[in-house]
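One structure follows; several queries about it will come next.
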Amino acid sequence: PSNRRKGIAGLLFNKLMTECASVLPSSFSLYLEVEETNRGAIEFYEGFGLKRVHKKPKFYTNGHAAVIMQCDSNDITYDKPWQDFKIFDN
């Protein structure tokens with residue numbers, strides 16, 4: 001919890017997208033599931049260009065649905081300036 005909201009997830013996701021773009025065909029799609037109540041994660045992925053495309057009811061053991069998010073490689077925004085984020089306290 002002490003390292004939340006410091007850009008670490010953004011750095012990791014940015015690295016993942018960069019690596020995918022370098023090894024996958026020039027056109028690919030990314031899909032992922034997010035618990036529907038996890039607004040922070042949904043907004044995070046929307047910031048990278050993913051869109052909500054489907055919902056799986058009762059996907060998780062707690063009974064919550066999963067929001068399926070998708071983005072084509074041409075629509076992914078993976079060049080955000082994450083280096084400006086403060087990662088760790090000094």
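Atoms considered below: every heavy atom in the structure, side chains included; atoms not considered: hydrogens, waters and symmetry mates.
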Taking all heavy atoms of I42 and all of R52, pick out the closest pair and write down the distance.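 Taking I42 first and R52 second, the nearest heavy atoms are CG2-NH2, 3.3 Å.
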Only counting residues at least two apart or in another chain, list the ones meeting side-chain contact (heavy atoms from CB on, under 4.5 Å) with L12.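 In terms of side-chain contact (heavy atoms from CB on, under 4.5 Å), with neighbours along the sequence ignored, L12 is linked to I8.
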Considering residues at least two apart in sequence or located in another chain, which fulfil the side-chain contact (heavy atoms from CB on, under 4.5 Å) criterion with Y45? F13, L32, V34, A41, L50, M69
Run the side-chain contact (heavy atoms from CB on, under 4.5 Å) test against Y31 and tell me which residues pass, sequence neighbours left out.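 Checked Y31 against side-chain contact (heavy atoms from CB on, under 4.5 Å); matches are S29, I68, Q70.
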What's the shortest heavy-atom distance between P57 and A65, and which atoms?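 Looking at all heavy atoms of both residues, the closest pair is CA-CB, 3.9 Å.
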What are the two closest non-hydrogen atoms of C71 and G49, and how far apart are they? SG-O, 3.3 Å
Decide side-chain contact (heavy atoms from CB on, under 4.5 Å) for F59 and E33; before the verdict, give the C-alpha distance in whole Å, the side-chain angles of both, and the deciding distance to 0.1 Å. CA-CA 9 Å; F59 182 77; E33 292 100 7; 4.2 Å; yes
How far apart are the closest heavy atoms of A66 and Y60, and which atoms are they? CB-CE1, 3.7 Å
Output every pair passing salt bridge (Lys or Arg N to Asp or Glu O under 4.0 Å) with a member in residues 12-27, not counting sequence neighbours, ordered by first then second residue. K15-E19
Listed by chain and number, what are the side-chain contact (heavy atoms from CB on, under 4.5 Å) partners of A9, not counting sequence neighbours?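 A9 satisfies side-chain contact (heavy atoms from CB on, under 4.5 Å) with F44 once adjacent residues are dropped.
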Contacts of K55 that satisfy side chain to side chain donor-acceptor pair (under 3.5 Å) - sequence neighbours left out: E36
Are any of the side-chain nitrogens in E46 or K51 under 4.0 Å away from the carboxylate oxygens of its partner?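 No.
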